[in-house]
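Heads up, the thing below is written out as structure tokens.
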Amino acid sequence: MFNRLKNKPPNKDERAVNKPSSARLNVFFFVAFVIFSVLIFRLAFVQFVEGPELTYMESTRNTKDIPLAPVRGPIYDATGKVALAYSEPVQSLYVLLYEDYRNDDRRQEAEGLAHELADIFKRFNPGDEKQPDAEEIIKRLDLDHQKTFGYVPRLVKSDLTTKEIAFFLEKKTEYPGVMVLEENVRRYDPDRVAVQVIGYTRDFKGAGALRQYKTIIEQSASQRDPGLVYSQDERVGFDGLELQYQQELRGRSGYQSIDIDSRNLPTGTMELTPPEKGYSLISTINKEIQLAAQKAITDELRKLPKAITGYAVAMEVDTGNVVAMASMPDYDPNDWDYDKIKFVFRNGTTESFLPNDKKPRHAESVVLLGSVIKPLSVLIGLKEGLFTAGQTYHDKGYAVLGKDGRQVRNSHSAYNGNITARRAIEKSSNAFMIDMVGKQLLKKYGGDKGIDKWDEYMKSFGLGVSTGIDLPNEFLGRLEYREGEGRESALTRLAFASFGQQAKYTTMQLAQYTTMLANKGKRMEPHLVKEIRDADGNVVKKFEPKVLNEVQFADAHWNEVHKGMVTKVSSFDGFPYDFARKTGTSEQGTGPNKKENGVFIAFAPRDKPKLAVAVIVPEGGFGSVSASPIARKIFDAYDEVYGLDGIPKGKKDQNKEQD
């Protein structure tokens, strides 16, 4: 009986209980799959993603990389031979603190070293009061680690003399931790060539306020590549081309690798990886032409009773290359104090003010253009059909504005009689511009749309917008015809804008506008750098001529305007080329505060324009007197170096002498 029951097959209920559920098996395998997938993914993540990070942390846990400033690349003039800015190697004395000198006993030892070093400097430089004394050396040693970690070498003195270098190399074993390291200092052409364009350098620790360095500062803490780490004492570009091309000029940092202990003090010898030299810039600035422009401005300022500054830009019509960009007075970039240069470090692309000791006001570098806008006013009038080239206008010497009969006069109230548009440019008729351009634009478009149309034309000629110049902090102009809304009528704003009294622009904008008059409507992008080369001299980037935009006017209209640009200027007497020009005298203020700014534009030769020049002399008086002589000397210098007809006159004279 027992055996029969024992061998009895299970009934259906028993089979249901004992048989594993397929759903449970599926869940089990799925969970196992997920667990193994997570483990495999985590292993791969650790190996391929976190691996480099963990390796870096392991390798740097007891090793620190101390950056060495890179070798900054040079900036050459247009010939590629004259260095306008360059890095010069110097030997500097550093001290590496192998012990913790924060306690009194050890501190005396470090202070004793400071006194020894001070005596050595005094011995090799007798009578030189600039040598650091013991107190200054103690401060530089930073014994309390207030400025940096203990393993960072302390700079004691830069630019060692040859005798000092020989002494410390010979006595190396007697002064453990004292090192002579090669560094580089930034030097500039002693002739002070275009210093406001080239710019200058300052310590990186003081660069935080500049937008260009904020990202670098934010990323510096997590930077893994020692070559890209900026040290606090590294010199970086702070203005001009030095700032604009900071990344290209900088190169790569070198670094000193050293093992440290738990106290952040060095435990072994340093391994040195030298810095790499940055790229070099070949600028478009020609030293000879630039110095001629600077001297021309300085000479004119001596003759003018009120003017204290002047600006000039010379730009090639076909290429956009800026061959000269002068701002005077300037400063010595090799020996400067910011408090001394803060009013003169700006160039012709930025807004700046110069102090005037005689009067409690400043002379602006950005001024109203005056009559130099009249060629464009006539172009607008012809384009818009406000008048025709042959149409005459009776110029009584003034135009009437508004119902109150307000009169706006020509310069010297000149009566010109019946004149055409071409003659209006030559005679610089304010009355023509007001009645035939300003009033007619208002009549055709109305107030707001008339202002908009004027603004559209100005900006298409580069006035009130960026020129594209490769310099930082470009000022775009002050559009008073816009700012006057609510205070002045649209009629007043358009009338005064038509003869150059409603907007202020930079010399660079004025030069770009002049090139457009010369080449009949192509707005060329101005360049101050034409090539970037690596340390071996290979060209890594070349800047080609670039047209930013082009305006369309009938060729007959261009010719009419060019024919009107024949104002008599005595400073160009004997000039061997036919050239187009326009003088301007803008007025600012009234009564005793009235200022007259000299403005002048020109391009030459007239038929095949090669060079365009713009000059602004704030408070210089008439442009024909203050600004045009500067332009003449720039044209002459360009003719000597490059030739306005393509034949350099300097080489021509040399060939005659050889014959």
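Annotation: the span from Asp455 atom CG to Leu463 atom CG amounts to 10.5 Å, rounded to 0.5 Å. In this structure, the separation between CD on Glu316 and NZ on Lys610 is 5.5 Å, given to the nearest 0.5 Å. Distance check, rounded to the nearest 0.5 Å: CZ of Phe635 to CD1 of Ile630 gives 13.0 Å. Atom CG in Leu382 sits 9.5 Å away from atom CE in Met436 (nearest 0.5 Å). With rounding to the nearest 0.5 Å, the separation of OH in Tyr577 from CG in Asp639 is 3.5 Å. Note that NZ of Lys633 is 15.5 Å distant from CD1 of Ile289, once rounded to the nearest 0.5 Å.
Ring-centre distance between His412 and Phe622: below the 6.0 Å cut-off. Ring centroids of Phe579 and Phe603 are separated by 6.0 Å or more, keeping the two rings apart.
Within a 6.0 Å sphere centred on NZ of Lys295, other residues, nucleotides and ligands contribute 12 heavy atoms or fewer. Heavy-atom neighbours of Lys504 NZ from other residues, nucleotides or ligands within 6.0 Å: above the threshold of 12. Remark: Lys520 NZ is packed, more than 12 non-hydrogen atoms of other residues, nucleotides or ligands lying under 6.0 Å away. More than 12 heavy-atom neighbours from other residues, nucleotides or ligands sit within 6.0 angstrom of NZ on Lys444. Residue Asp448 places its CG atom among 12 or fewer non-hydrogen atoms of other residues, nucleotides or ligands, all under 6.0 Å distant. In Gln247, the CD atom is not crowded: 12 or fewer heavy atoms of neighbouring residues, nucleotides or ligands sit closer than 6.0 Å. More than 12 non-hydrogen atoms from other residues, nucleotides or ligands lie less than 6.0 angstrom from NZ of Lys383.
Screening Ile373, Thr467, Val599, Val367 against Leu510 for a side chain to side chain contact (heavy atoms under 4.5 Å, CB included) leaves a single residue, Val599. When each of Val193, Leu528, Leu241 is tested with Ile198 by the rule side chain to side chain contact (heavy atoms under 4.5 Å, CB included), just one qualifies, namely Leu241. Partner Val317 forms a side chain to side chain contact (heavy atoms under 4.5 Å, CB included) with one of Thr514, Asn519, Leu517 and no other, that one being Asn519.
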Exercise for the section: Please report the C-alpha distance between Tyr445 and Asp452 in whole Å, then the side-chain angles of each, then the deciding distance to 0.1 Å, and finally whether the side-chain contact (heavy atoms from CB on, under 4.5 Å) criterion is met. Expected result: CA-CA 9 Å; Tyr445 291 103; Asp452 290 342; over 6 Å; no

Practice task
Decide side-chain contact (heavy atoms from CB on, under 4.5 Å) for Asn416 and Arg423; before the verdict, give the C-alpha distance in whole Å, the side-chain angles of both, and the deciding distance to 0.1 Å.
Solution key: CA-CA 9 Å; Asn416 295 311; Arg423 191 81 169 145; over 6 Å; no

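Contact record, Phe238 with Ala207: CE1-CA, 3.6 Å, taken as the closest heavy-atom pair. Nearest approach of His562 to Ala518, heavy atoms of both residues: CE1-O, 4.1 Å. When all heavy atoms are compared, the tightest approach of Val613 to Ala314 is CG2-CB, 4.1 Å.
In summary, the side chains of Lys522 and Asn549 do not present any donor paired with an acceptor at a separation below 3.5 Å, with no hydrogens or angles considered. Side-chain contact annotation: Asn321 with His527, donor-acceptor N/O pair under 3.5 Å absent. The closest side-chain donor-acceptor pair between Glu242 and Tyr188 falls under 3.5 angstrom.
The shortest distance between side-chain heavy atoms of Gln196 and Tyr331 falls below 4.5 Å. Considering only heavy atoms from C-beta on, Leu476 comes within 4.5 Å of Ser466 through its side chain. When side chains are defined from C-beta on, Val465 counts as touching Arg523, because their heavy atoms get closer than 4.5 Å.
Using a 30° and 60° split on the angle between ring planes, Phe543 and Tyr245 fall in the perpendicular class, above 60°. Classified by interplanar angle (parallel below 30°, tilted 30° to 60°, perpendicular above 60°), the ring pair Tyr642/Tyr638 is tilted.
We find that Lys563 and Glu560 are not joined by a salt bridge, their nearest charged nitrogen and carboxylate oxygen being 4.0 Å or further apart. Under the 4.0 Å criterion applied to side-chain N and carboxylate O atoms, Asp77 and Lys287 are not assigned as salt-bridge partners.
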